[in-house]
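Below is one structure; the comments refer to it alone.
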Amino acid sequence: QQAINSFNLRFCPNPEIMLLVDWPLFLQLAFIQITCKPKCCSLFYLDINECETIQQACQGEMKCFNHYGGYLCLPRSASVITAPEPSSQSEPSVPVESNEAFNPCPVGYRAQGDTCVDIDECELDMHDCQPSQECINTVGTYTCQCPDGYSKIGIECVDIDECRYRYCQHRCVNVPGSFSCECEPGFQLAGNNRSCVDVNECEMGAPCQQRCYNSYGTFLCRCDQGYDLGPDGFSCNDIDECSYSSFLCQFQCVNEPGRFSCVCPEGYELLGTRLCQDVNECETGTHQCGTGQVCVNIHGGHQCVNSNRCQDPFVQVSENRCICPVVKPECRDLPFSIVHRYMSITSERSVPSDIFQIQATSVYPGAYNSFRIRSGDENDEFYIRQINNISAMLVLARAVTGPKEYVLDLEMVSVSPLINYQTSSVLRLSVYVGPHAF
């Protein structure tokens, strides 16, 4: 420094000396800019650029920087620039005396007239940035930067795995230089492209056949009453309620889509939704009985019987009563009277079962009455249980199945020991067994 000052004072009356120290003591470098008046500073030495003349002057990740009288090995990210005087020009410049034998500009600059202008190493392809890096020109040098989404490790740019930082609510997909968020099924990305919001599948055409219920992240299919959800979780299959139980309907169950209905056989009508009751055709006027006939309602139908069922030698004395006059010799061994009655019972009736009560209408003083089945019970399906002297009960002894008709002659024999008198009367009971158990 003293030699330069002495040189300045002797040969240059107005020297300008700038010393820039930006490095540690062992790397200090003085950049000296001497601007002389004309005809001043006529003696100079040419510097040797060791960075060009020495092969691999700097090893590893170090970069060679030439300076007057030597060179430096500095990290590649280091830059050594001069500090020129303030100028109104767009590019930094350093005043220089024109001298073709000497390049007074520091590394990263080139002489242009009386000034030093920055060299754009990026444009001139004078940089050593890796293919994955981007060259950014700076004053006096350049820098190698990694694009967005990459970080510099050593001399290479390595993709940043943004997914490590849990930017996404559900799933993160890392891609070179960036990332994208994905949502689980049943969700979609919100406006911020990171959060996930529920999708209402029911409003977007969910494949439910009947009913759709949206829930968080999914949806549920449900079926109307009478249907069962299929194995696929979407379709609805009709439930055959009739196959579950034989007691749903009294007669017959008919399966229908989503429901079932009960039907009754001919001669019956539905009572409520499941039971069947007999239709009384005699009351509704739907019978086909003609003149001289009487309509008798039975389970599941009706019978048309003659209004006069008295057979000789019996004569009719009232609507259902026939008598055999004692004046007729043929009536001696026959019952004095026959009364016609009609009744209907259901099939498969529990037994023993009381079905009809016999009651004496006339009683002789001191007479003893007995009751028996005179005819019609060839298979012993009925019997008489006497209650007292004037009444008895007809009992069904065996279960019977219809349709079937029995004509039973129930006889009451009266004996009077006081007057040595015996007589009998018959109740001719027509028993109709219906075809069903109701």
Side-chain angles (χ1 to χ4, degrees), residues 278 280 282 294-299 303 305-311 313-328 330-434 437-438:
D278 174 59
N280 192 332
C282 300
V294 177
C295 178
V296 178
N297 185 64
I298 62 175
H299 285 88
Q303 290 287 333
V305 298
N306 294 328
S307 56
N308 183 7
R309 301 189 67 181
C310 298
Q311 298 176 354
F314 289 88
V315 294
Q316 185 177 15
V317 294
S318 65
E319 182 180 355
N320 292 322
R321 191 165 183 263
C322 306
I323 65 171
C324 193
V326 295
V327 297
K328 293 184 177 183
E330 60 265 37
C331 290
R332 183 178 297 272
D333 297 326
L334 296 176
F336 174 71
S337 67
I338 297 178
V339 176
H340 294 274
R341 289 287 185 267
Y342 311 95
M343 71 171 297
S344 179
I345 63 174
T346 60
S347 292
E348 302 174 6
R349 189 164 179 168
S350 61
V351 292
S353 178
D354 297 345
I355 61 173
F356 191 83
Q357 185 174 356
I358 309 167
Q359 186 77 34
T361 57
S362 60
V363 179
Y364 295 98
Y368 294 97
N369 300 314
S370 62
F371 300 86
R372 66 171 184 159
I373 300 175
R374 182 185 177 99
S375 64
D377 186 26
E378 290 77 10
N379 297 321
D380 297 328
E381 296 169 308
F382 303 89
Y383 67 88
I384 290 289
R385 185 182 77 249
Q386 187 160 340
I387 301 172
N388 51 43
N389 191 46
I390 61 172
S391 65
M393 181 67 70
L394 176 66
V395 180
L396 177 66
R398 297 180 181 178
V400 292
T401 302
K404 195 172 186 180
E405 180 182 358
Y406 296 89
V407 180
L408 303 175
D409 280 354
L410 308 179
E411 183 179 32
M412 182 183 71
V413 179
S414 298
V415 179
S416 177
L418 297 177
I419 57 174
N420 194 23
Y421 174 78
Q422 179 176 332
T423 186
S424 68
S425 60
V426 170
L427 188 148
R428 184 161 289 167
L429 180 63
S430 296
V431 180
Y432 298 98
V433 181
F438 47 84

Minimum side-chain heavy-atom gap F356-L427 below 4.5 Å: yes
Pairs satisfying ring pair (Phe, Tyr, Trp, His ring centres under 6.0 Å), at least one member in residues 408-433, at least two apart: Y364-Y421
Carboxylate-amine/guanidinium contact E381 R398, below 4.0 Å: no
Evaluation steps, side-chain contact (heavy atoms from CB on, under 4.5 Å), between S375 and E411: CA-CA 9 Å; S375 64; E411 183 179 32; over 6 Å; no
Residue Q311 excluded, over 12 heavy atoms near CD under 6.0 Å: no
Minimum heavy-atom distance between R309 and C322, given as atom pair plus value: C-SG, 4.3 Å
Heavy-atom side-chain proximity of S347 to K404 below 4.5 angstrom: no
Crowding at CG, D333 (>12 non-hydrogen neighbours, <6.0 Å): no
Side chain to side chain donor-acceptor pair (under 3.5 Å) involving N280 - partner list, sequence neighbours excluded: E283
By salt bridge (charged side-chain N to carboxylate O under 4.0 Å, His left out) - contacts of R349 (at least two apart): none
Counterpart residues, side chain to side chain contact (heavy atoms under 4.5 Å, CB included), relative to R321 (two or more places apart): V317, S318, I323, F336, S337, V339
Distance-minimising heavy-atom pair for S414 and N369: OG-OD1, 2.6 Å
Where I358 and I384 come nearest, the two heavy atoms and their spacing: CD1-CD1, 3.7 Å
Side chain to side chain contact (heavy atoms under 4.5 Å, CB included) involving C324 - partner list, sequence neighbours excluded: P313, F314, C331, L334
side-chain contact (heavy atoms from CB on, under 4.5 Å) assessment of L410 paired with I373: CA-CA 5 Å; L410 308 179; I373 300 175; 3.9 Å; yes
Check against side-chain contact (heavy atoms from CB on, under 4.5 Å), M343 and I355: CA-CA 9 Å; M343 71 171 297; I355 61 173; 4.1 Å; yes
All side chain to side chain donor-acceptor pair (under 3.5 Å) counterparts of H299, not counting sequence neighbours: S344
Worked check of side-chain contact (heavy atoms from CB on, under 4.5 Å) between V400 and I345: CA-CA 9 Å; V400 292; I345 63 174; 4.2 Å; yes
Minimum heavy-atom distance V305-Y342, with the two atoms named: CG2-OH, 3.6 Å
Any residue meeting salt bridge (charged side-chain N to carboxylate O under 4.0 Å, His left out) with D354, in chain and number order, not counting sequence neighbours: R385
Expected output: side-chain T346 to main-chain F438 donor-acceptor under 3.5 Å: no
Nearest-0.5 Å distance that lies between atom CG in L429 and atom CG in L394: 6.5 Å
Partners passing side chain to side chain contact (heavy atoms under 4.5 Å, CB included) against N308 (at least two apart in sequence or in another chain): C310, Q316
Any side-chain heavy-atom pair of R428 and P335 under 4.5 Å: no
Contact check, side chains of N320 and V294, non-hydrogen atoms, under 4.5 Å: no
D377: side chain to side chain donor-acceptor pair (under 3.5 Å) partners, not counting sequence neighbours: none
Inter- and intrachain pairs under ring pair (Phe, Tyr, Trp, His ring centres under 6.0 Å), touching residues 370-419, at least two apart: F382-Y406
Listed partners of Q357 passing side chain to side chain contact (heavy atoms under 4.5 Å, CB included), at least two apart: Q359, I387, S391, M393
Spacing of CD belonging to E405 relative to OG belonging to S430, to within rounding of 0.5 Å: 5.5 Å
Summary of salt bridge (charged side-chain N to carboxylate O under 4.0 Å, His left out) pairs that have at least one residue in residues 334-347, sequence neighbours excluded: none
